[in-house]
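First the structure, in the form of structure tokens, and then the observations on it.
Quick note: numbers below take in every heavy atom, side chains included, and nothing from hydrogens, waters or symmetry partners. These figures come from a predicted structure and were not determined experimentally.
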Amino acid sequence: MHVAIIMDGNGRWATQRGLPRSAGHVEGAKAVRATVEAAARAGIETLTLYAFSAANWQRPRTEVDGLMFLFRRYLFEETRRCVEQSIRVNVIGRRDRLDERLLRAIERSERLTADGVRMHLRIAVDYSSQFSILEAVKRARRSQDLSPQQFQSLLHEADHSAVPSGEVDLLIRTGGEKRLSDFLLWECAYAELHFCDCLWPDFTEQHFQQALDDYAGRVRRFGKVNAEHSA
Ligand code: IPE
Ligand code: IPE
Ligand code: MG
């Protein structure tokens, strides 16, 4: 099962407390740790987290710098825990606009966790689904009769995705907004959507479990009719 999460609401969480937005991102990083562990415990095969969109470069420089620092710190601190828990880490998105120190942290984390088989943790940084699709289309130009699966492989290449991750089964967005914000547009073709009003720093294992319970009650038809109606 592939779960993807748009982790939204850090800024509002901080503003509500009279704190700078950066404090919300620090608190949000703690929710990431807890959610990764909850997902591994729940037996999720692939977890893709939206950490920084290509559009987020338009935020104030101090906020962007703070986020980049947090990503680097997260990778340094969590890599050992991921190795211990057999979680394979992979950062997806563009790499050509990332700071050299962050790139080194990404490569280190991906290398040290490469044998992880329990869960595939993908963190989307400088990610834009439209950009990835356009990159994959450029790579596809020479191939004729491309299947959706082959196109998805090209998307993986464009995204620096190390392991085939398949389509998203469940997409969760916190923070109350009901939009995709350029996240996994191709991969979410038949995803079940779960919107949660809680702000990302407040997201707990209980919220995650609620999303899984909601998903378990959905009927996925993929365009077909239900078995009981098909006679
Ligand atoms: C999500 O929280 C984290 C990032 C986009 C990096 P926001 O920072 O978007 O928080 P809100 O939506 O402004 O509350
Ligand atoms: C989406 O959140 C990106 C991440 C959670 C990393 P945003 O806060 O950037 O999205 P919009 O601007 O509300 O669509
Ligand atoms: Mg937001």
Side-chain angles (χ1 to χ4, degrees), residues 1-10 28-29 31-56 67 71 74 78 82 87-94 106 110 116 118-133 136 148-149 151-153 155-201 203-205 207-218 220 222:
M1 173 155 171
H2 183 176
V3 177
I5 309 182
I6 301 176
M7 310 183 291
D8 197 21
N10 293 351
V32 174
R33 281 188 194 106
T35 303
V36 168
E37 302 210 342
R41 269 195 296 275
I44 303 304
E45 285 152 352
T46 305
L47 178 69
T48 305
L49 302 176
Y50 205 4
F52 189 86
S53 74
N56 289 148
L67 282 164
F71 298 147
Y74 178 87
E78 295 306 302
C82 287
I87 295 173
R88 182 169 187 171
V89 178
N90 180 202
V91 174
I92 62 165
R94 287 179 68 164
I106 291 171
E110 290 183 338
R118 183 165 171 223
M119 187 172 80
H120 185 202
L121 170 63
R122 307 195 314 154
I123 304 172
V125 176
D126 195 5
Y127 179 85
S128 154
S129 192
Q130 289 191 342
F131 179 86
S132 301
I133 291 169
Q149 288 73 23
F151 185 73
Q152 188 144 334
S153 301
L155 263 184
H156 280 138
E157 264 180 46
D159 280 345
H160 302 97
S161 187
V163 178
S165 60
E167 302 223 344
V168 173
D169 296 298
L170 169 63
L171 175 85
I172 301 169
R173 181 171 187 144
T174 63
E177 317 287 2
K178 294 177 179 61
R179 54 177 171 251
L180 296 177
S181 301
D182 201 8
F183 191 44
L184 302 174
L185 302 180
W186 172 277
E187 295 87 338
C188 281
Y190 269 101
E192 295 295 328
L193 310 180
H194 176 90
F195 298 102
C196 171
D197 284 333
C198 96
L199 302 173
W200 175 252
F203 192 78
T204 62
E205 180 156 13
H207 292 104
F208 188 68
Q209 198 51 56
Q210 269 167 22
L212 293 181
D213 291 346
D214 181 16
Y215 173 80
R218 305 279 181 97
R220 303 187 77 190
F222 299 98

Practice item. Mind running side chain to side chain contact (heavy atoms under 4.5 Å, CB included) on V89 and E78 for me, showing each step along the way? Key: CA-CA 10 Å; V89 178; E78 295 306 302; over 6 Å; no
Check your understanding: Does the side chain to side chain contact (heavy atoms under 4.5 Å, CB included) test come out yes or no for L155 and I133, once each step is laid out?
Key -> CA-CA 6 Å; L155 263 184; I133 291 169; 4.1 Å; yes
Review point. Where do Q210 and C196 land on the side chain to side chain contact (heavy atoms under 4.5 Å, CB included) test, with the steps shown first?
Key: CA-CA 10 Å; Q210 269 167 22; C196 171; 5.9 Å; no
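Distance CE/M119 to OG1/T46: 8.5 Å, rounded to 0.5 Å. Between atom CD of residue E110 and atom SG of residue C82 there is a gap of 12.0 Å, rounded to the nearest 0.5 Å. Atom CZ of F183 is separated from atom CG of L171 by 7.0 Å, given to the nearest 0.5 angstrom. One distance of note links OG of S161 with CD of Q152; it measures 9.0 Å at 0.5 Å rounding. A distance of 7.0 Å separates CZ in R218 from CG in L193, rounded to the nearest 0.5 Å. Rounding to the nearest 0.5 Å places OG1 of T35 at 7.5 Å from CG of L49.
The shortest heavy-atom contact between F195 and E177 is CD2-O, 3.5 Å. The shortest heavy-atom contact between S165 and H156 is OG-NE2, 3.1 Å. Between D8 and T174, the shortest heavy-atom contact is O-OG1, 2.8 Å. A pairwise comparison of heavy atoms in G175 and L199 identifies CA-CD2, 4.1 Å as the closest pair. Closest heavy-atom contact between A189 and E167: CB-OE1, 3.9 Å. Y127 and G93 make their closest contact through CD1-CA, 4.1 Å (heavy atoms, listed as atom of the first residue, atom of the second, distance).
Panel note: side chain E205, backbone A34; no donor-acceptor pair is recorded below 3.5 Å. Judged by distance alone, the side chain of N90 and the main-chain N or O of A162 form a donor-acceptor pair under 3.5 Å.
The side-chain heavy atoms of I106 and F71, taken from C-beta on, include no pair separated by under 4.5 Å. Within the 4.5 Å cutoff, the side chain of V32 has heavy atoms near those of the W200 side chain. Here the side chains of Y215 and R220 are in contact, with some heavy-atom distance below 4.5 Å. Using a 4.5 Å heavy-atom threshold, the side chains of I44 and F208 count as touching. Taking the side chain as every heavy atom from C-beta outward, D159 and E187 approach each other to under 4.5 Å. Side-chain contact check for N56 versus L67: every heavy-atom pair is 4.5 Å or farther apart. For the pair W186 and P148, the minimum side-chain heavy-atom distance is below 4.5 Å. Side-chain contact between I6 and R179 is absent, with no heavy atoms from C-beta onward closer than 4.5 Å.
By the side chain to side chain contact (heavy atoms under 4.5 Å, CB included) test, D182 is found to be paired with Y50, S128, S129, Q130, L185, residues two or more places apart in sequence or in another chain being considered. Here T48 pairs with H2, R122 under the side-chain hydrogen bond (donor to acceptor under 3.5 Å, both in side chains) rule; sequence neighbours left out.
A donor atom on one side chain and an acceptor atom on the other are found under 3.5 Å apart for T204 and H207.
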